[in-house]
Structures are given as structure tokens and as C-alpha cells.
Number of protein chains: 2
Amino acid sequence: MSSNLTAKLSARQEQLLEALRRAEQELSGQDLHARLRASNTPMGLATVYRHLRLLQQWGLVRCRHLPSGEALFAPTERDEHHLTCVDCGSTHRLAHCPVHQLALPGEELNGFLPLFHTLEFFGLCPNCQRRQGRLPAEA
Amino acid sequence: MSSNLTAKLSARQEQLLEALRRAEQELSGQDLHARLRASNTPMGLATVYRHLRLLQQWGLVRCRHLPSGEALFAPTERDEHHLTCVDCGSTHRLAHCPVHQLALPGEELNGFLPLFHTLEFFGLCPNCQRRQGRLPAEA
DNA sequence: GTCATTCTGAGAATCATTCTTGTTTAGGCT
DNA sequence: AGCCTAAACAAGAATGATTCTCAGAATGAC
Ligand SMILES: [Mn+2]
Ligand SMILES: [Mn+2]
Ligand SMILES: [Zn+2]
Ligand SMILES: [Zn+2]
């Protein structure tokens, strides 16, 4: 029950985390499953999701959701953020994390131990600004 | 944030945005649908999601996804962020936005027009820290 | 009025994720 | 080695939020 306190990850968990690290970018659960199947460490889809959830709970994996609804997973140590166009969905990776060593006030934390964060900016890419020319707004 | 544009929202879109603003906290698409049905401005589920997507594209509505997969919607002008426990899922609202007037460098933006952002912190709440004691480390 | 265009919503379809369940594996003990 | 139990595994079924379909309802120019 509390084996999650052990110092070492299981073999499957290592394989999964390694595949994520080897990937050049974030992967969906399905992508990850397909890659593992194609590699020499195949595993079932349920196993992928089960360990993905556990690794998230250990703070070793993070996920972000695209506007389309896809969930993309990445190792926590990869501290990347994006600009995403709300219209066409295109995304650009930021070169640096804008809150890299932002310290939250102690009274905000209130005993909470931060492990990682997600930060995403949304707006309009140059193309869509040009194409739209205008935006509807409230009365 | 901003915008003061000239185009007008449709009646349905106004009703939807009003319901979101009236809500004391973020609502899922299903929640919103249920509330509208119970109110004097009922509308179909497809219409709720259709306009929710459009309002996101106008930059008037934002959404965040919980680890559970639910998408929660809120008006963009509500600039709130949370601490979420990766273990038990409990969330705590931050009193202030830590990046409220953070300016992204122009060369990062590269013509992109920011409309809003999402920022969420993940970690361990005091209860779960106490219950776990420590975290597994990599091999 | 007529016709064209846009909007709506009930229900069906989608599909990523989770659950179920029978099977296999990993140890611990003798 | 043999036996036993608990945990891990994976195939397929189930779930459920979101999206799609499409026939009817509104709108709005003429
Ligand atoms: Mn960061
Ligand atoms: Mn903010
Ligand atoms: Zn765009
Ligand atoms: Zn907790």
C-alpha cells in the first residue's frame, strides 16, 4: 500500500520515464504507448496510464492540456512553457521560464510543498491577428 | 485584460458569460449546462460547448483542466490560480496572481498578442506530506 | 410574403482514459 | 525445488466529457 515510499521506481516506471525523457517533446498517453510498443519495452495501455498517474503523484511527471483536450506529458524537470493561439491552436515554446525561481509568500503556501508548476499563455498569433482584423467583444 | 471592441455577443453568448460570472467558482461544461437549464435561459448542451469554445477563442473565457480530467471554465477577467495536491487532489486558491503584471520580453512574444494565462502550482499538501513522509527518488 | 443563411439542440458518435478480470510474475517460506 | 499469496500486468469492455450530425426554427434581406 505504501510502497510508493520506496526509494526506487519499478522497472516499468523507469522504462516509462526514460521514454518520456528520450522524447524530444511532450507526448500524449497514446503516443507514449505506441512508442513503447514499438520499442523493446512494450506495455499495455492501462499500464501506461496507471504509471503515468503514479509518476504524476510522485511529482516526477507533469501534464498540460491543449485547447483541443489532448493531455501531453513531460518529465517535471523539463521546465517549459508555451504561447498558444486561441484561434488556430499553434504553439510556440518560450525560451525561458518566466517564474523560474518565483517564491510564493509563506502565508500563501501555508505548509504546502510545491513540486512543479504549469504556466501557459494564450492569445492570438500574428497570422490570426492579421486574418481576423477584429474581435467581437461585449456590448 | 482588456478589450473594448465594437462587435457584440449574441444573446446566447451573453447568457452563458453572465452565468459564468454569476457563479462563485469555476464551472464545468456540464455544470454550466445544468445551471442554465434550471434558470430562465435554458440551452442545449451542444450550444453550451459551442459558445464556450467561441468565447475562449475571443479571449473572454479561460479553462483549466483538473488532474481528474474535468475542464473548468471561468471568465478571463477572473485572474485566479491554485495550489493543487498531486496526491489527494485538494486545491487552495491563491490570494493574488503571482505574475499579474509580468511582461514577457518582446523577442519572446514575436508578434503574439497575449490575452490571458493559466498558472497552477502542484505539490503536496501538509496532510499528504505528513502521511507520506518522503518521496521516491530515481535510481 | 419568399428565399437564403445562420442558429439550435436531441441524440448519436468519438475517443482518451479508466475499470474489470483472468493471467502471469515475484517473493517468502519450507 | 515446490507451494502460497500478493502484486503487477494487459486485453477488452465500460465510462463519460466533448464533439458531431442534421432536420427544424429563427433571422433577415429583398
Ligand atoms: Mn516554469
Ligand atoms: Mn494570473
Ligand atoms: Zn493563430
Ligand atoms: Zn494532499
Side-chain angles (χ1 to χ4, degrees), chain A residues 1-17 19-20 23 26-58 61-74 86-89 136, chain B residues 7-20 23 26-58 61-74 86-89 136 139:
Chain A
M1 193 118 269
S2 332
S3 58
N4 56 338
L5 300 185
T6 64
K8 230 164 74 60
L9 299 177
S10 77
R12 279 274 142 80
Q13 289 160 1
E14 295 275 16
Q15 292 163 5
L16 218 154
L17 194 49
L20 266 187
E26 302 157 300
L27 297 178
S28 70
Q30 304 283 343
D31 288 343
L32 189 49
H33 174 242
R35 290 205 179 198
L36 289 164
R37 295 241 106 173
S39 77
N40 58 328
T41 58
M43 63 185 80
L45 187 57
T47 301
V48 169
Y49 280 112
R50 177 167 358 104
H51 288 311
L52 231 24
R53 191 171 6 156
L54 289 174
L55 291 172
Q56 279 184 268
Q57 294 190 352
W58 310 161
V61 163
R62 119 190 44 237
C63 88
R64 79 185 248 248
H65 287 80
L66 293 181
S68 69
E70 305 184 78
L72 299 181
F73 298 84
V86 294
D87 195 350
C88 69
Chain B
K8 212 165 64 62
L9 297 179
S10 76
R12 282 271 139 84
Q13 289 161 359
E14 294 275 18
Q15 292 163 5
L16 221 154
L17 194 49
E18 251 329 292
L20 265 188
E26 302 157 300
L27 297 177
S28 70
Q30 306 281 344
D31 287 344
L32 190 48
H33 176 241
R35 290 205 180 198
L36 289 165
R37 293 241 107 172
S39 77
N40 58 328
T41 58
M43 63 184 80
L45 188 55
T47 301
V48 169
Y49 279 110
R50 185 164 40 226
H51 288 311
L52 231 24
R53 189 172 6 156
L54 289 173
L55 291 172
Q56 279 184 270
Q57 294 190 350
W58 309 160
V61 163
R62 119 185 51 233
C63 89
R64 79 187 246 247
H65 286 82
L66 293 181
S68 69
E70 309 182 77
L72 300 181
F73 298 85
V86 293
D87 196 350
C88 69

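Naming convention: chains lettered A, B, ... in sequence-line order (proteins, then strands); numbering from 1 in each chain.
If you measure from atom NE2 of B:H33 to atom P of C:dG11, you get 11 Å, rounded to the nearest angstrom. Per the geometry, CG belonging to B:L9 stands 13 Å off P belonging to C:dC7, to the nearest Å. We find that CG of B:L52 is positioned 17 Å from P of C:dC7, with the value rounded to whole Å. A straight line from CG of A:L54 to P of C:dT17 spans 16 Å, rounded to a whole angstrom. Look at CD on B:Q13: it is 8 Å from P on C:dT8, rounded to the nearest Å. Rounded to whole Å, the distance from CG on A:L45 to C1' on C:dT17 is 8 Å.
Distances shorter than 4.0 Å separate none of the side-chain N or O atoms of A:R50 from OP1 or OP2 on D:dA8. Put simply, B:T47 has no side-chain N or O that comes within less than 4.0 Å of OP1 or OP2 on C:dT8. At the phosphate of C:dT8, OP1 or OP2 sits under 4.0 Å from a side-chain N or O atom of B:H51.
Distances from the side chain of A:A71 to the nucleotides D:dT18, C:dT17, C:dG9 place C:dT17 closest. With D:dA11, C:dA10, C:dC19 as the candidates, the nucleotide lying closest to the side chain of A:R53 is C:dC19. Of the candidate nucleotides D:dT18, C:dA16, C:dG9, C:dG9 has the atom nearest to the side chain of B:M43. Side-chain proximity of A:R37 to the nucleotides D:dA11, D:dA17, D:dC20 is greatest for D:dA11. When distances run from any side-chain atom of A:Y49 to the nucleotides D:dT18, C:dT18, C:dG9, the shortest one goes to C:dT18.
Using a 4.5 Å heavy-atom cutoff, the side chains of B:T41 and B:E18 are not in contact. Two residues are said to be in side-chain contact when any heavy atoms from C-beta on lie closer than 4.5 Å; B:E14 and B:L9 meet this criterion. A:Q15 has its side chain within reach of A:R12: a pair of non-hydrogen atoms, C-beta onward, lies under 4.5 Å apart.
Using a 4.0 Å heavy-atom cutoff across all strands shown, B:R12 reaches sugar-phosphate atoms only and no base atom.
Here the CG atom belonging to A:L52 is positioned 11.5 Å from the OG1 atom belonging to A:T47, to the nearest 0.5 angstrom.
Taking each heavy atom of B:H65 and B:C63 in turn, the nearest pair found is CE1-SG, 3.9 Å.
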